[in-house]
Every structure is written in C-alpha cells, then in structure tokens.
Amino acid sequence: MRKSVRDLMTKIGLYGCFVITVLFFTFPLLWVLSLSFKSSEELYKVPPTLFPERFHLDNYFHVIENNDIFLYLANSTKIVFLTVLLVLIIAVPAAFALSRFQFKLKPIVLITILMTQMISAVVIAIPLYRLFVKLGLLNNLAFLVIVYVAVVLPFSTWFLKGYIDTIPKELDEAATVDGCNKFQTLIKVLLPSSIPGIISVIILVAVQSWSQFVIPFILLDNMTLYPVSVGIINLQSTQQAVTTHYLAAGSILSILPVIILFVLLQKFIVGALTSGAVKG
C-alpha cells in the first residue's frame, strides 16, 4: 500500500514538473499571440488580460500592407535552404568518417568540434563585421550563408556522428563483401538508415538559422536582403507611436513556418533521440 502511494506521488510530482515546464516555455508564445490580436488601447489595460476583448485581425493586415514581411520571409527561406543544403553536404561525410574511421588525431578533432559548437554567434559578430568590411562582403547573402554554415556545422556533425554510431557496423561489412567501396557504403547503406537523424538535423539547423538575429543584423544593412528575424524590427515602437501589437503580429507570422515544419516532422526528432542520436 505504501509503495503504491509512493509511486502515485512520484508520478504526480513528475507530471507536475512536466506541466510547469510546458507552461514556462509556452506562456511567452501565448502572450505574444494575445498581443497580436489586441487593440492599442488594450495594451495599456490594467490589470493586463491574457485574452483580448475582441480579436483584431487588422493588426495582421497592417503588418502585411505596411511591411515587406513576405520579402523577408522569402529571404529567410532562401538562406535557410542554402544553409541546410551545405550543412548536409559537409556534415554527412564528416560524421561518417568520424564514426567509422580510426585515425591518430580523432580524439582531438572530436574535442575541437565539441568546443567550437559552444561558441556563441554574439562572440564572433564584431570580428566578422570588421572582416567583412575590409573584404567588401557586406550585404552578400552567399557569404552570409557560409557564416551560418560555420555556426551550425559543429553541432550537426556531432549529432549525425552520434546517430551513425548506433547503426551496426555489420551493415558496412556486408556492403564491403558485396563489393561496395566506402562511398557506396555511405550512399547505399548508411544514408537510408540515417534518415531520421538527417531529418532531425534539417529541422534543428532550419530553426536555428531561421531565428538567427545577431549575424544578419551586423552583416546586412540593405533592407531588401533582411531575413524576417531582422526585418520585423521595423515594427517596434517609437517615441511617436506604440506598435507592440503590430510587432507581435509580425513575430507570429515570422515563426509560423517554423512551427508548421516542427509539427509535421517532430516524430523524426523523437525517433533520432530515442535511437541515441546525441551519444558521443
């Protein structure tokens, strides 16, 4: 009896922690969603309310009509697509080599990858700006994508290496017996087996690249090239007008594609994690 009560209390405490965690992460999003439907008068209401008295879709129409948000969304899509493509081209063979090959400097390479993925974009933003100014590369989306790739590549390689580690090496040996070389083994055997891990990397890289703010804010000053994370800054409040509700509406529009992508493909992330994709 005591054991049953103790188990019940443990489950209640565990689910209570889950509920608190979910509320902690979802409340800011719900609050922004609420602000996006409020009128300017409701922004000053005391005490503030979570749900607006009347849902004002005019906020979204105002953002669409007075802000180039679709241009910014297109820029973000282009940048994210190129970043994901380049990351996969580099990270997949690198992860394969680190997982299957043995060489003298392998521990040093792994430690270096682990250390570089801890470097924040904020740390490198100013040196990057000075370098880009000297080389005349400001407002160059191609080199901006290269910077994005450099930021997310260490984590992507580490993630994929851990996933490939979970694939039995007997598959490689069977492919070798059938006459496959290393490249053919990667393409014909490991890639199909690594689909959940690869899709997980695509989602994680896409989300991180889509939400990147510091690097494009520093390296771009041409508004027609802004990604959506930077473009919606034009909606922020000024001394002449309070536009918090417009900024909230723009923020919701900017994160909507990422939410849809995550909802559609979240099962692959769960599958990759439960298969040991984050093992070193």
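Separation of atoms OH (Y163) and OG (S200) is listed at 7.5 Å; rounding is to 0.5 Å. Taking CG of N66 as the reference point, atom OG1 of T243 lies at 11.0 Å (rounded to 0.5 Å). A distance of 8.0 Å separates CD1 in I195 from CD1 in I202, rounded to the nearest 0.5 Å. Rounding to the nearest 0.5 Å places OG1 of T157 at 8.0 Å from CD1 of I90. Note that CZ of F51 is 7.5 Å distant from CG of L30, once rounded to the nearest 0.5 Å. In this structure, NZ on K45 lies 3.5 Å from CD on E53, to the nearest 0.5 angstrom.
Closest of all the heavy-atom pairs between N140 and L137 is CB-O, 3.1 Å. Closest non-hydrogen pair, N139 versus L225, comes out as O-CD1, 3.3 Å. Closest heavy-atom contact between L171 and S193: CD1-OG, 4.3 Å. Residues P257 and S254 share a closest heavy-atom pair of CD-O, 3.6 Å. Of all non-hydrogen atoms in P168 and D172, the two that sit nearest each other are O-OD1, 3.8 Å.
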Take L160 and I198 through the test side-chain contact (heavy atoms from CB on, under 4.5 Å) and record every step on the way to the result.
CA-CA 7 Å; L160 282 175; I198 291 174; 4.0 Å; yes
Could you go through the side-chain contact (heavy atoms from CB on, under 4.5 Å) check for Y148 and V152 one step at a time?
CA-CA 6 Å; Y148 274 47; V152 299; 5.7 Å; no
Check step by step if side-chain contact (heavy atoms from CB on, under 4.5 Å) holds for I255 and L29.
CA-CA 10 Å; I255 65 176; L29 180 59; 3.3 Å; yes
Test side-chain contact (heavy atoms from CB on, under 4.5 Å) on V147 and F132 and set out the steps.
CA-CA 11 Å; V147 175; F132 272 54; 3.6 Å; yes
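When atom types are taken as modelled, the side chain of S36 and the backbone of L33 share a donor-acceptor pair closer than 3.5 angstrom. Listed for the S229 side chain is a donor-acceptor partner under 3.5 Å among the backbone atoms of Q212. A donor-acceptor pair is defined here as one N or O able to donate and one able to accept, closer than 3.5 Å; no such pair exists between the side chain of N67 and the backbone of I232. Under the 3.5 Å distance criterion, the side-chain polar atoms of S99 are left unmatched by any main-chain donor or acceptor of A95. Checking side-chain atoms of K38 against main-chain N and O of T49 turns up a donor-acceptor pair under 3.5 Å. Looking only at distances, a side-chain donor or acceptor of S211 sits under 3.5 Å from a matching main-chain atom of Q208. At distances below 3.5 Å, not a single donor-acceptor pair connects side-chain atoms of W210 with backbone N or O atoms of V228.
Cluster annotation: F27 is not connected to I20 through the hydrophobic network of ILVMFWY side chains, with a link wherever side-chain heavy atoms come within less than 4.5 Å. Both L138 and V230 are assigned to one and the same hydrophobic cluster, defined by single-linkage of ILVMFWY side chains at heavy-atom distances under 4.5 Å. Cluster membership for V80 and I260, using ILVMFWY side-chain heavy atoms within less than 4.5 angstrom, is shared. L23 and I12 fall into different hydrophobic clusters, defined by Ile, Leu, Val, Met, Phe, Trp and Tyr side-chain heavy atoms under 4.5 Å apart, directly or through other members. Connection of L135 to L220 is established within a shared hydrophobic cluster, with ILVMFWY side chains joined at heavy-atom distances below 4.5 Å, either directly or through further cluster members.
With contacts defined as side-chain heavy-atom distances shorter than 4.5 Å, the pair L98/F103 qualifies. The side-chain heavy atoms of I203 and I199, taken from C-beta on, include a pair separated by under 4.5 Å. The closest side-chain heavy-atom distance from V201 to F155 is not below 4.5 Å. You'll find the side chain of Y226 stays beyond 4.5 Å of the side chain of L71, heavy atoms only. Contact annotation: the side chain of L141 approaches that of L144 to within less than 4.5 Å [non-hydrogen atoms, C-beta and beyond]. For the pair S194/I167, a side-chain contact is recorded, criterion being any heavy-atom separation below 4.5 Å from C-beta on. By the 4.5 Å heavy-atom criterion applied to side chains, L186 and V92 are counted as neighbours.
Below 30°, between 30° and 60°, or above 60°: for Y60 and F37 the angle between ring planes is between 30° and 60°, a tilted geometry. Classification of the F217-F213 ring pair by plane angle, with boundaries at 30° and 60°, yields parallel.
Summarising the local packing, CZ of F81 is surrounded by 12 or fewer heavy atoms from other residues, nucleotides or ligands at distances under 6.0 Å.
Between Q102 and the options R100, K106, K104, a side-chain contact (heavy atoms from CB on, under 4.5 Å) holds for only K106. A side-chain contact (heavy atoms from CB on, under 4.5 Å) with H245 holds for exactly one of D58, L35, N59, V63; it is N59.
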